[in-house]
Number of protein chains: 2
Amino acid sequence: MVENDKQTEKKIFEAATEVFMEKGMDGARMQDIANRAGINKSLLHYYYRTKDRLFNEVFEMIFGHMLKKFAPVFDADLTLEEKIRFFFREHITFLQKNPRLASFVLHEINRNPERVRNFIGRIDIGRLWTDIEAQHKDELKKSNIRREDIPQLMTSIAAMSVFPFAARVLVKSILEKMGYDFDDYIEKRKEYAAEFVIGAIRKEKGIREKA
Amino acid sequence: MVENDKQTEKKIFEAATEVFMEKGMDGARMQDIANRAGINKSLLHYYYRTKDRLFNEVFEMIFGHMLKKFAPVFDADLTLEEKIRFFFREHITFLQKNPRLASFVLHEINRNPERVRNFIGRIDIGRLWTDIEAQHKDELKKSNIRREDIPQLMTSIAAMSVFPFAARVLVKSILEKMGYDFDDYIEKRKEYAAEFVIGAIRKEKGIREKA
DNA sequence: ATATGGTTTAACTAATTGGCCAAATATAAA
DNA sequence: TTTATATTTGGCCAATTAGTTAAACCATAT
């Protein structure tokens, strides 16, 4: 039954995604995945030959999904400030729905740098980069953001969004000990992060002008 | 020979630190650790009964070391802005010397939340918190930073420093594809991050005033 | 010298785990 | 119904790996 085939393969993939996200490649057990999918362990090898292949498919899907979340920012026809607000709203909401994703990706990226270089190699980052530059030329100039500062700015934006989830357990522990609620903190962060970054780059002007 | 004992135990501990940082608890192999220490695998069990015990000692040392790096910020008799500059200079330099530390800690934290809660429970965060608040009461007021914004600010500062290392392989890949040098980027980040945060909190005033 | 203590090693064990295979079962086609 | 094909299963194997044990080693004190 073709209907059921897809069902099984999908069930396996979803179970694998869950287990890999929780335990990482090294910590994950094929038996766990089979159990969670409610099928026999041999079926895993029937659909996905090896643990490596299964993991690769899961990772590429997740990593691709994550990178794709950055895309609208490059495309949208918005001012720089609007884009920043838009990004944080969308991206933090995305990570909110996938709380283990950040930590998983960061770990697996580090475990296998080759895969990342491969992935990056397939993307035309140069185009995205120059697009952003061209699109916001005036605004960047107005804020005195030099070409060489763009990497700093980009990673700062990513950091503001990703870190609270990557360090989730630690941040949550500390916040709760201080009487704050993590979910509330995250909800507020969507706006806070945007204003934080906008404030920072507005300020850049002052700094550069003084120099 | 007592001298040699310490030597061996230390050698094991250092080798274990290296391997665990590279592979994580699940990916690390006792044999690898023994090889890197240049000794027999049984010796590992002689000095540290089990893999878990060995890992725990390594983790507690690293995690403690990492948290300790935040301490001078709380103690130093500096203005808020000076503290921010001081922190980024010190902390980024620290991570520069231990490039795998961030990713390792973030992964292991997530793998075993209980350990973190335990660790946090042992620290009097409340005191540090109120100290900071009291110490910089005027400056925080001047920048219109409310009590409830402190978690946002703190995590933002941590994020700016930690993220480039946690996502090291990814950031490095992208930067190098764009013709930038990662080490150079990190070196510049020590100042950039400080000015970025200072700019952001200076701006907070404007935001709050408008509202 | 030799007895004593801790240290180091080689060989081994038990358990886990990824992967394989052959039989069984279901599905669709003739 | 019969045949062919795809799916699912249980049982198995070989490799890996954390941990054990008993013997060898070595420094020091008597």
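Residue numbering restarts at 1 for every chain, and letters A, B, ... go by the order of the sequence lines.
- With distances taken from any side-chain atom of B/H45 to the nucleotides C/dT8, C/dG19, D/dA18, the minimum falls on D/dA18.
- Picking from D/dT9, C/dT8, D/dG19 the nucleotide with the shortest atom distance to the side chain of A/I39 gives D/dT9.
- As judged by a 4.0 angstrom heavy-atom cut-off over every strand, B/A34 is placed among residues making no nucleic acid contact.
- The aromatic rings of B/F55 and B/F20 lie perpendicular to each other, with more than 60° between the two planes, well past the 30° mark.
- Side-chain nitrogen and oxygen atoms of A/R29 include at least one within less than 4.0 Å of the OP1 or OP2 phosphate oxygen of C/dG18.
- Computed from coordinates, the A/R53 CZ to C/dG18 C1' distance equals 15 Å when rounded to whole Å.
- Contact annotation: side chain of B/S42 to base of C/dA10, donor-acceptor pair present below 3.5 Å.
- Of the candidate nucleotides D/dG19, D/dT7, C/dT9, D/dG19 has the atom lying nearest to any side-chain atom of B/M30.
- Rounding to whole angstrom units, CD1 of residue A/I33 and C1' of C/dG19 are separated by 14 Å.
- The number of heavy-atom neighbours closer than 6.0 Å to NZ of B/K190, taken from other residues, nucleotides and ligands shown, is above 12.
- Protein atom CD of A/Q7 is 17 Å distant from nucleotide atom C1' of C/dT27, rounded to whole Å.
- Counting to the nearest Å, the P atom of C/dG18 and the CG atom of A/D26 are 11 Å from each other.
- Put simply, NZ on A/K41 is 7 Å from P on C/dG18, counting in whole angstrom units.
- Remark: C1' of C/dT25 and CG of A/L43 are 12 Å apart, rounded to the nearest angstrom.
- Per the geometry, CD belonging to B/Q31 stands 13 Å off P belonging to C/dA11, to the nearest Å.
- What separates CG of A/L54 from C1' of C/dG18 is a distance of 12 Å, to the nearest Å.
- A tilted orientation is assigned to the rings of B/F182 and B/Y185, their planes being inclined by 30° to 60°.
- More than 12 non-hydrogen atoms from other residues, nucleotides or ligands lie less than 6.0 angstrom from CG of A/D124.
- OP1 or OP2 of D/dT8 has not a single side-chain nitrogen or oxygen of A/Y46 nearer than 4.0 Å.
- Under 3.5 Å, the side chain of A/K51 and the base of C/dG19 form no donor-acceptor pair of N or O atoms.
- Of the side-chain N and O atoms in B/N40, none sit less than 4.0 angstrom from OP1 or OP2 of C/dT8.
- Just one of B/F94, B/F104, B/F70 meets the ring-ring contact (aromatic ring centres under 6.0 Å, His included) condition when paired with B/H65; it is B/F94.
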